[in-house]
Amino acid sequence: MVKLRLKRCGRKQRAVYRIIAIDVRCRREGRDLRKVGFYDPIKNQTYLNVPAILYFLEKGAQPTGTVHDILKKAGVFTELHLNQ
């Protein structure tokens, strides 16, 4: 099963996160299938590769709680429902 989750990057006290598609059996810093976005909680910036995210969601990928909130705030789920 594939999940959309956050992968921690950056340095101490300055964490930034990549939003990645990864197999659930892999650890947080493990090898990802594809990088689909970027999230900086300090500057409150996000970059999302929406076509790639929609592709994985249509294939059955499950976002984690935090990634779900980020995608909901960006309006990705409304685009998913429009495509179906």
Side-chain angles (χ1 to χ4, degrees):
M1 182 177 171
V2 176
K3 277 201 174 252
L4 297 175
R5 71 165 72 148
L6 297 175
K7 183 175 186 178
R8 192 176 195 277
C9 302
R11 60 180 200 241
K12 289 192 285 187
Q13 305 297 320
R14 293 283 301 170
V16 293
Y17 297 92
R18 286 187 181 141
I19 302 170
I20 58 169
I22 193 168
D23 186 26
V24 293
R25 295 170 289 189
C26 294
R27 58 198 174 115
R28 181 187 74 180
E29 304 302 326
R31 181 154 185 232
D32 51 64
L33 299 173
R34 186 163 179 194
K35 296 172 183 71
V36 294
F38 175 83
Y39 173 59
D40 186 353
I42 296 169
K43 296 180 182 175
N44 201 16
Q45 293 179 335
T46 57
Y47 166 75
L48 301 173
N49 184 352
V50 177
I53 292 171
L54 291 176
Y55 170 79
F56 281 109
L57 289 174
E58 288 170 356
K59 296 293 182 185
Q62 297 293 316
T64 59
T66 307
V67 173
H68 184 273
D69 293 341
I70 293 169
L71 297 179
K72 187 175 179 182
K73 189 175 178 182
V76 172
F77 292 113
T78 57
E79 293 181 30
L80 180 66
H81 292 301
L82 291 176
N83 288 343
Q84 292 179 350

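No hydrogens, no waters, no symmetry mates; every other heavy atom, side chains included, goes into these values.
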Legend entry - Shared hydrophobic cluster for F38 and L48 (ILVMFWY, side-chain gaps under 4.5 Å):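 In one cluster with F38: L48, no.
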
Legend entry - Shared hydrophobic cluster, V16 / Y47 (ILVMFWY, side-chain heavy atoms < 4.5 Å):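 They do share one cluster, since a chain of ILVMFWY contacts under 4.5 Å joins V16 to Y47.
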
Could you tell me the separation between the [atom1] atom of [X] and the [atom2] atom of [Y], rounded to the nearest 0.5 Å?
{"X": "C26", "Y": "R5", "atom1": "SG", "atom2": "CZ", "result": "7.5 Å"}
{"X": "R14", "Y": "K12", "atom1": "CZ", "atom2": "NZ", "result": "14.5 Å"}
{"X": "Y55", "Y": "N49", "atom1": "OH", "atom2": "CG", "result": "13.0 Å"}
{"X": "L71", "Y": "I53", "atom1": "CG", "atom2": "CD1", "result": "5.0 Å"}
{"X": "L4", "Y": "I20", "atom1": "CG", "atom2": "CD1", "result": "9.0 Å"}

Inset, instruction - Check step by step if side-chain contact (heavy atoms from CB on, under 4.5 Å) holds for R18 and D32. - result: CA-CA 10 Å; R18 286 187 181 141; D32 51 64; 5.9 Å; no

Legend entry - Given R34, K3, Q62, the one that forms side-chain contact (heavy atoms from CB on, under 4.5 Å) with F56: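 Exactly one candidate clears the test, R34.
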
Can you give me the closest heavy-atom contact between [X] and [Y], atom names plus distance?
{"X": "P41", "Y": "A15", "answer": "CD-O, 3.7 Å"}
{"X": "Y17", "Y": "R8", "answer": "CD2-CA, 3.7 Å"}
{"X": "A21", "Y": "V2", "answer": "CB-CG1, 4.1 Å"}

Inset, instruction - Evaluate the side-chain proximity of I22 to K7: yes if any heavy-atom separation is below 4.5 Å, no if none is. - result: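 No, every pair of side-chain atoms sits at 4.5 Å or beyond.
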
Inset, instruction - Might you work through the side-chain contact (heavy atoms from CB on, under 4.5 Å) test for L6 and I19, ending with a clear yes or no? - result: CA-CA 5 Å; L6 297 175; I19 302 170; 3.7 Å; yes

Inset, instruction - Could you walk me through whether L57 and F77 pass side-chain contact (heavy atoms from CB on, under 4.5 Å), step by step? - result: CA-CA 9 Å; L57 289 174; F77 292 113; 4.1 Å; yes

